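Shown next, in structure tokens, is the structure this report addresses.
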Amino acid sequence: MKERLLGPEEMERYIEELFPPDPDLRRVLEGIRERGMPEISVPTGYGRLLTLLVAMSGARQVLEIGALGGYSGICLARGLGPQGRLTSLELLPEYAELAAAQLEAAGFGGRTEYRVGDAGRSLEALKAEGRRFGFFFIDADKGGYPRYLDAAIELAEPGAVIVADNTLLRGRVADPARTGPSVLAMREFNRRLAEDPRLAGTLLPAYDGLAVMRVIG
């Protein structure tokens, strides 16, 4: 009899069940659900990866584009050293308020800064202020990904790491019949990752796809 191979979702569930429940992250998910917010936080496996990548990068300044309820913010902050700081951009005030409260409850309130409003304008303001970052996490409106990548490269310290979630759009990016604005924008983002001489990176296919890249020039 032919052996049945487990599918991606079963493997993801197996990996997630290996790790004990995380009270801080569980509280974030409960807060999101109670407020009727979209339940689209970064997957638990990638959340742990964010913590590891921030720690390994040695970044002291992290920029997050898209805060939602604070799940990814906690994961990013956990990777920072004692002098590290997280700056988070969020369009909606109520989302930023919840995220800030969750980071405070997790012990990172004094090391986080939230900027509310259009991310494009916030990125321009950071550039005008001369800010530089060693790590970026992009998880916002998918149509804006190419623009956010350009901004990250401009704001990057030498060797900075850029990570972005949902880069496969549930497989739609690989379907030639799909031509919606978000799909086209994400295809452009992924193409840039592969071809831009200033970047070295890859796409991880688990969950909904994760781009990981380093600014090299």
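Quick caveat: nothing in here was measured; it's all calculated off a predicted structure. Hydrogens, waters and symmetry mates play no part in the numbers below; they use all other heavy atoms, side chains included.
The salt bridge (Lys or Arg N to Asp or Glu O under 4.0 Å) check on R35 picks up nothing, with sequence neighbours excluded. Remark: Y95 engages no residue in a ring-ring contact (aromatic ring centres under 6.0 Å, His included) (not counting sequence neighbours). Evaluation of the ring-ring contact (aromatic ring centres under 6.0 Å, His included) rule for F137 yields no partner, not counting sequence neighbours. Partners of R13 under the salt bridge (Lys or Arg N to Asp or Glu O under 4.0 Å) rule, at least two apart in sequence or in another chain, do not exist in this structure. Among residues two or more places apart in sequence or in another chain, the side-chain hydrogen bond (donor to acceptor under 3.5 Å, both in side chains) test is passed with D208 by N166. In terms of the side-chain hydrogen bond (donor to acceptor under 3.5 Å, both in side chains) criterion, R121 has no residue partners (sequence neighbours excluded). When the side-chain hydrogen bond (donor to acceptor under 3.5 Å, both in side chains) test is applied to D139, the partners found at least two apart in sequence or on another chain are K142. By the salt bridge (Lys or Arg N to Asp or Glu O under 4.0 Å) test, E195 is found to be paired with R191, residues two or more places apart in sequence or in another chain being considered. Among residues two or more places apart in sequence or in another chain, the side-chain hydrogen bond (donor to acceptor under 3.5 Å, both in side chains) test is passed with Q102 by R27.
Smallest separation of non-hydrogen atoms from A160 and F136: CB-CE1, 4.1 Å. Here the closest heavy-atom approach between residue P38 and residue L68 is recorded as O-CD2, 3.7 Å. Across all non-hydrogen atoms, the minimal contact from L193 to G201 is CD2-C, 3.7 Å. For E64 against S88, the heavy-atom pair with the smallest separation is OE1-OG, 2.6 Å. Nearest heavy atom pair, residue E12 against residue A206, reads OE2-C, 3.8 Å. Scanning all heavy atoms of the two residues, the minimum distance from P146 to A185 falls at CG-O, 3.3 Å.
Cluster membership for L168 and Y145, using ILVMFWY side-chain heavy atoms within less than 4.5 angstrom, is shared. Placement of L210 and Y207 within a single hydrophobic cluster is found when ILVMFWY residues are connected by side-chain heavy-atom separations under 4.5 Å, directly or transitively. Tracing side-chain contacts under 4.5 Å through hydrophobic residues (I, L, V, M, F, W, Y), one never reaches V212 starting from L169; they form parts of separate clusters. Hydrophobic clustering (ILVMFWY, side-chain heavy atoms < 4.5 Å, transitive): I138 and M213 are in one cluster. Two different hydrophobic clusters hold F133 and L103 under the rule that ILVMFWY side chains link at heavy-atom gaps under 4.5 Å.
With rounding to the nearest 0.5 Å, the separation of CZ in R214 from CG in L199 is 11.0 Å. In this structure, CG on L80 lies 10.5 Å from CZ on R85, to the nearest 0.5 angstrom. Atom CG of L92 sits about 8.0 Å away from atom CE of M37, to the nearest 0.5 Å. To the nearest 0.5 Å, atom CD of residue E17 and atom OG1 of residue T44 are 10.0 Å apart. Here the CZ atom belonging to R33 is positioned 4.5 Å from the CD atom belonging to E39, to the nearest 0.5 angstrom. Put simply, CD on E90 and CD1 on I65 are 11.5 Å apart, with the number rounded to the nearest 0.5 Å.
Between T87 and R131, the closest side-chain pair of non-hydrogen atoms falls below 4.5 Å. T51 places none of its side-chain heavy atoms less than 4.5 Å from the side chain of L76. Using a 4.5 Å heavy-atom cutoff, the side chains of Y71 and V42 are in contact.
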Next item on the list: Determine, step by step, whether C75 and L25 satisfy the side-chain contact (heavy atoms from CB on, under 4.5 Å) criterion, reporting the C-alpha distance in whole Å, the side-chain angles of both residues, the deciding distance to 0.1 Å, and the verdict.
Entry: CA-CA 9 Å; C75 296; L25 299 180; 4.2 Å; yes
Next item on the list: Dump the intermediate steps for side-chain hydrogen bond (donor to acceptor under 3.5 Å, both in side chains) on R172 and S182, then the final yes or no.
Entry: CA-CA 10 Å; R172 296 197 300 275; S182 294; over 6 Å; no
Next item on the list: Step by step, work out the side-chain contact (heavy atoms from CB on, under 4.5 Å) result for D165 and Y46.
Entry: CA-CA 9 Å; D165 195 21; Y46 282 162; 4.1 Å; yes
Note to self: Please evaluate residues M186 and T167 with respect to the criterion side-chain contact (heavy atoms from CB on, under 4.5 Å), reporting the C-alpha separation (whole Å), side-chain torsions for both, the decisive distance (0.1 Å), and the verdict.
What the structure shows: CA-CA 6 Å; M186 195 61 74; T167 51; 4.1 Å; yes
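Open room surrounds CD on E97; 12 or fewer heavy atoms of other groups in view lie less than 6.0 Å from it. Atom CD of E9 is surrounded by 12 or fewer heavy atoms from other residues, nucleotides or ligands within 6.0 Å.
Under the 4.0 Å criterion applied to side-chain N and carboxylate O atoms, D22 and R48 are not assigned as salt-bridge partners.
Residue R115 forms a side chain to side chain contact (heavy atoms under 4.5 Å, CB included) with just one option from L123, L89, L63, and that option is L89.
Each salt bridge (charged side-chain N to carboxylate O under 4.0 Å, His left out) pair with one or both residues in residues 173-185, not counting sequence neighbours, appears once here: D175-R178.
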Let me have the donor-acceptor pairs involving side chains of residues 52-60, under 3.5 Å, with sequence neighbours excluded, atom names and distances please.
residue	atom	partner	partner atom	Å
S57	OG	L53	O	3.4
S57	OG	V54	O	2.8
S57	OG	A59	N	3.1

Throw together a table of side-chain donor-acceptor distances under 3.5 angstrom for residues 147-157, partners on residues two or more places apart or in other chains.
residue	atom	partner	partner atom	Å
Y148	OH	D141	OD1	2.5
D150	OD1	R192	NH1	3.0
D150	OD1	R192	NH2	2.8
E154	OE1	K127	NZ	3.2

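Checked by atom type and distance alone, the side chain of R187 pairs as donor or acceptor with a backbone atom of V173 at under 3.5 Å.
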